[in-house]
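Structure record follows, encoded as C-alpha cells.
Below, all heavy atoms of this structure are taken into account, side chains as well, without hydrogens, waters or symmetry copies.
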Amino acid sequence: MAEKKEKQVEAVEATVATEVQETTETPKKEVETPVATETQEKQTEVVTETPEAEVVTEAPEKEVETQVDPEQFLKDFNWHNYEEGIDPVEDKKLEEFEKLVAENFVDTLDDEVVEGEVIHITDRDAIIDINAKSEGVISLNEFRYNPDLKVGDKVEVLIDVREDATGQLVLSHRKARVIKAWERVNTAHDTGEIVNGFVKCRTKGGMIVDVFGIEAFLPGSQIDVKPIRDYDQYVNKTMEFKVVKINHEFKNVVVSHKALIEADIELQKKEIISKLEKGQVLEGSVKNITSYGVFMDLGGVDGLVHITDLSWSRINHPSEIVELDQKLNVVILDFDENKSRIQLGLKQLSKHPWEALGEDVKIGDKINGKVVVIADYGAFIEVVEGVEGLIHVSEMSWSTHLRSAQDFVAVGDVIDAQILTLDREDRKMSLGIKQLTPDPWTDITTKYPVGSKHTGIVRNFTNFGVFVELEEGIDGLIYISDLSWTKKIKHPSEFCAVGDKLDVVVLELDVEGRKLSLGHKQTTENPWDKYETEFALNTVHSGEIEEIVDKGATVKFNDDVVAFIPSRHLEKEDGKKLKKGEAAEFKIIEFNKEFKRVVASHTAIFKAEEAKNVKAAAKKAAATEVKPTLGDANDALQALKDKMDGKA
C-alpha cells in the first residue's frame, strides 16, 4: 500500500511537470499524460481540463505586452517564483493540484486528530491507514478498553512521530482520545450537557469517575442531596453527571450528580412549601441526627425536630428515639416567613402524659421514680413516662447545712419519694425524700440535753464559727470563742479542717428555732483556773524576751501564758533595757483570767530589793549603841532618798 501511494505522488508530479514544459515550449501541442493507473488517469483528466486555446493565446499576449511595456512586465513579474527557481505555471492548474493533494493526503506536520482505518492487526500492533504516504503503527495496549477491535474499524489517532528510525509513521490512539475527551469535557462544561461516567473507585472525600477516558473527581457532597453513608454502593456503576468545574492548569475535572436532581427537587420544594400549614402532619425520613435534634427530609424540604420535641420524657441524645433513614410522621409546629426554616414535632402526635396521669395520684402519696436530671438546686424524678417531679436539695435531708443534690442521688438512681405539691394545670410536682424518715428534732431534748458531751464532724466554716454535724439532720454551731481556752484564733480554719472529728458539749438548745449551740473548749478543764494561782500578783518567774513589740516586749512562760512587759519595766539595774533573747526574772504586776491578760515587770525586781535594803539599814542603825543625833539621821535618810530617786 505504501508503494502504491508513492507511485501516485510520482505520477501527479510528472503530470504537472509535463504541463509546465508543454505550456512554455509548445503552447499549441496537446498535453500527453502517461497511463499508469486508474487514479493517475483521473488526476490527468483533471489537469487537462483547461482549454488549449486559452493556453496558446495567453503566452503570446504576455510576450507582446512585455515587449511593448517593460514597466508593466516588471510590475506583474512573480519574483517569488523566480527566486525559488520555479517556472511559471498557471494559477488555475496550481489550484487543481493543491485540491488533489488535499483530497488524497494528510498534513503530517500538524498535531491534529484524524480518523484512520484499521487495515491489519498483529499480535502487538494495529496498522492504521490515515491516507498518507505510508500507514501508521499503534500498540494494541492503547486499545485495551476495546477488546473487540477488528479490521475495518474507524479510530481516532494523533500523529506521534512522523518518521522514526526505520522511516515508519508512528500514531497514538491514546493521545487522540485524551485530546478529544478534553474537547468533549470542555463542551459539556460550557453547554451544561449531561454526560455518562463510570465510577471507578473511592478516594479521600469522594469518588473517581471515568468521563470520556478522563479521571474526574466526584466530591462526596455532590453525589446526592442527602448525606451518603456508604460510598461503596456507587463503585462500578455508570451514572449521569454534570461537569461543574475544570482546572486547565492542573488538568482537573470536577463532576456532580447532585446538580442533576437539585432542579427537580427545587420544583418539589416550592410545591411543598406553598402547601405548608401549622399543625399539618407530614411523612418524612430521618436525614441527619445531631446532639440538639433531628433533620427530616419532607420530600425536598428539610425540617428540624428539636430534641425537646422528640419525646415527652427526657432523653440524652436523639439517637435514643430515631434512626437514620427511618420514616416518621411529624407535625409542623412553626416556620419563618419564607418557610425556609421549618420546626417539626414528634411527641405532639401523642397525648401529653400529664393528661393521662391517674386521678388517684395525690399529695402525700409515696411514689417510685428514676433520677433523670441533676442540678445544684435539686434533682428531677420521672414518676411515669413524661411526668417529672422536682426534689429540691432542701427536701433531700433534714440537715440544714449547705449541700448539693449530687451528695444524695445520681442520674439513673431509682428512689422512693413523697409527693409534696401537685399542680395538674401547670403540670408541676414537687417531691421530698427526707419526709420518708422521722424528723430527728422530734426527740432532740432527750438525745442532746444541755451539758451532754458528743462527737461530731466538721461540715462547714464561717468567719464566726464552725458547723458540726452530730447526726443526719442535727447540726450545731461552735462559736470561734468556744474553740480553745488559750489560743487566740482569727479564723476557724486555723484550728480544724472540714471532715475533722471534734468533741463537743451542748451549751444551748432552741427546739423551736432548731438551733444547737456547742462548745469544744468546754470538753477540757480551763487551764486559766490553775494559772490564776500559779501567776498570782507579785509572783516572780524566769523567762527571756521573745519579741520586741510596740510599747514593750513579750515573754513566753509556757505554751498558754505569754506576758506583756511595758517599755518602762524593761529597764535593768544598770539603766539599760532588756533586748530580744535576753533572759531575766519578772514579777507579775497584772493577771486577768477572763481576758487571758498577763503583765510582768523586770524593773520591779531590783526596786523592791532596794526598798528592802533601806529598811534593813534603818533597823540596823537603830540598834547601835551610839545614838546618832537627829541631824545625822536626817543626813543619812536624805542620802538614801537621793540614791533611790536618782535610779527611779
Side-chain angles (χ1 to χ4, degrees), residues 279 281 286 289-294 304-323 326 328-331 333-334 343-442 471-473 514:
V281 178
V286 178
I289 300 176
T290 67
S291 60
Y292 55 85
V294 176
L304 172 65
V305 183
H306 195 269
I307 187 172
T308 57
D309 291 317
L310 283 172
S311 173
W312 291 114
S313 58
R314 291 179 183 264
I315 58 174
N316 296 319
H317 196 274
S319 57
E320 300 175 13
I321 303 296
V322 298
E323 299 177 353
Q326 182 180 354
L328 294 172
N329 286 331
V330 290
V331 60
L333 302 179
D334 199 2
Q343 182 181 348
L344 306 174
L346 179 63
K347 70 179 184 181
Q348 287 79 4
L349 295 176
S350 60
K351 192 175 182 180
H352 197 289
W354 271 91
E355 298 176 5
L357 188 65
E359 294 294 335
D360 55 336
V361 178
K362 58 186 182 300
I363 295 175
D365 287 353
K366 179 181 177 181
I367 55 95
N368 182 269
K370 182 180 180 182
V371 179
V372 292
V373 176
I374 294 180
D376 289 337
Y377 55 85
F380 289 92
I381 312 299
E382 187 175 52
V383 179
V384 296
E385 185 177 359
V387 177
E388 297 177 359
L390 171 64
I391 303 179
H392 194 271
V393 66
S394 62
E395 302 298 338
M396 292 183 175
S397 170
W398 291 108
S399 177
T400 56
H401 64 80
L402 298 177
R403 295 168 73 178
S404 63
Q406 288 88 340
D407 295 333
F408 299 96
V409 294
V411 174
D413 288 351
V414 178
I415 61 174
D416 292 329
Q418 183 177 329
I419 299 176
L420 304 181
T421 63
L422 181 62
D423 189 341
R424 295 179 182 270
E425 292 184 1
D426 293 337
R427 295 171 180 173
K428 292 182 179 180
M429 180 189 301
S430 64
L431 307 173
I433 298 177
K434 70 181 184 181
Q435 288 76 9
L436 300 178
T437 58
D439 185 353
W441 281 83
T442 303
E471 65 173 81
E472 183 70 27
R514 301 174 78 93

Query raised in the report: Of all heavy-atom pairs between Gly386 and Ser313, which one has the smallest distance, and what is that distance?
Result: N-CB, 3.8 Å
Query raised in the report: Which pair of heavy atoms, one from Ile374 and one from Val411, lies closest together, and at what distance?
Result: CD1-N, 3.5 Å
Report task. Find out whether Leu390 and Met429 are in side-chain contact, i.e. whether some heavy atom of one side chain is under 4.5 Å from a heavy atom of the other. Result -> no
Query raised in the report: What pairs with Trp354 under side-chain hydrogen bond (donor to acceptor under 3.5 Å, both in side chains), at least two apart in sequence or on another chain?
Result: none
Query raised in the report: Between atom CD1 of Ile433 and atom NE2 of His392, what is the distance when rounded to the nearest 0.5 Å?
Result: 13.0 Å
Requested in this report: Show the numbers, then the answer: is there a salt bridge (Lys or Arg N to Asp or Glu O under 4.0 Å) between Glu382 and Arg314?
Outcome: CA-CA 9 Å; Glu382 187 175 52; Arg314 291 179 183 264; over 6 Å; no
Report task. Spell out, as yes or no, whether a donor-acceptor pair under 3.5 Å connects the side chain of Asp426 to the backbone of Lys428. Result -> no
Query raised in the report: CD1/Ile321 to CD1/Ile315 distance, rounded to the nearest 0.5 angstrom?
Result: 4.5 Å
Report task. Identify the two heavy atoms, one from Pro318 and one from Ile307, that lie closest to each other, and give their separation to 0.1 Å. Result -> CD-CD1, 3.9 Å
Report task. Run the numbers on Phe380 and Ile391 for side-chain contact (heavy atoms from CB on, under 4.5 Å), then give the verdict. Result -> CA-CA 6 Å; Phe380 289 92; Ile391 303 179; over 6 Å; no
**Report entry** Worked check of side-chain contact (heavy atoms from CB on, under 4.5 Å) between Val409 and Ile415
**Finding:** CA-CA 9 Å; Val409 294; Ile415 61 174; 4.2 Å; yes
Query raised in the report: Just wondering, do Glu395 and Lys434 contact through their side chains at under 4.5 Å, heavy atoms?
Result: yes
Query - Pairwise distance OG1(Thr290) to NE2(His317) - rounded to 0.5 angstrom - result: 7.0 Å
Query - Neighbour count above 12 (heavy atom, 6.0 Å) for Lys370 NZ - result: no
Query raised in the report: Counting heavy atoms not belonging to Asp413, are there more than 12 under 6.0 Å from its CG?
Result: yes
**Report entry** Pairwise side-chain contact, Ile367 with Leu431, heavy-atom cut-off 4.5 Å (strictly under)
**Finding:** yes
Report task. Mind checking the CG-CG spacing from Leu346 to Leu310? Nearest 0.5 Å is all I need. Result -> 6.0 Å
**Report entry** Partner set under side-chain hydrogen bond (donor to acceptor under 3.5 Å, both in side chains) for Thr421, not counting sequence neighbours
**Finding:** Ser430
**Report entry** Considering all heavy atoms, the nearest Glu385-Pro353 contact
**Finding:** O-CB, 3.0 Å
Query raised in the report: For Ala405 and Met396, which heavy atoms make the closest approach, and how far apart are they?
Result: CB-CE, 3.8 Å
Requested in this report: Answer yes or no: is there a donor N or O on one side and an acceptor on the other, between the side chain of Trp312 and the main chain of Val387, under 3.5 Å?
Outcome: no
Report summary line: Heavy-atom nearest pair, Asn329 first then Leu349, reads O-CD1, 2.9 Å
Query - Under 3.5 Å donor-acceptor, Asp423 side chain and Glu425 backbone - result: yes
Query raised in the report: Mind checking whether Val281 and Val330 have side chains closer than 4.5 Å, heavy atoms only?
Result: no
Report task. Could you give me the CA-CA distance, side-chain angles and deciding distance for Asp309 and Gln348, then say whether side-chain contact (heavy atoms from CB on, under 4.5 Å) is met? Result -> CA-CA 7 Å; Asp309 291 317; Gln348 287 79 4; 3.1 Å; yes
Query raised in the report: Could you go step by step and tell me if Asp376 and Gln406 meet the side-chain contact (heavy atoms from CB on, under 4.5 Å) rule?
Result: CA-CA 7 Å; Asp376 289 337; Gln406 288 88 340; 3.9 Å; yes
**Report entry** Residues, nucleotides or ligands: over 12 heavy atoms within 6.0 Å of Glu472 CD
**Finding:** yes
Query raised in the report: With side chains defined as the heavy atoms from C-beta onward, is the minimum distance between His352 and Lys347 less than 4.5 Å?
Result: no
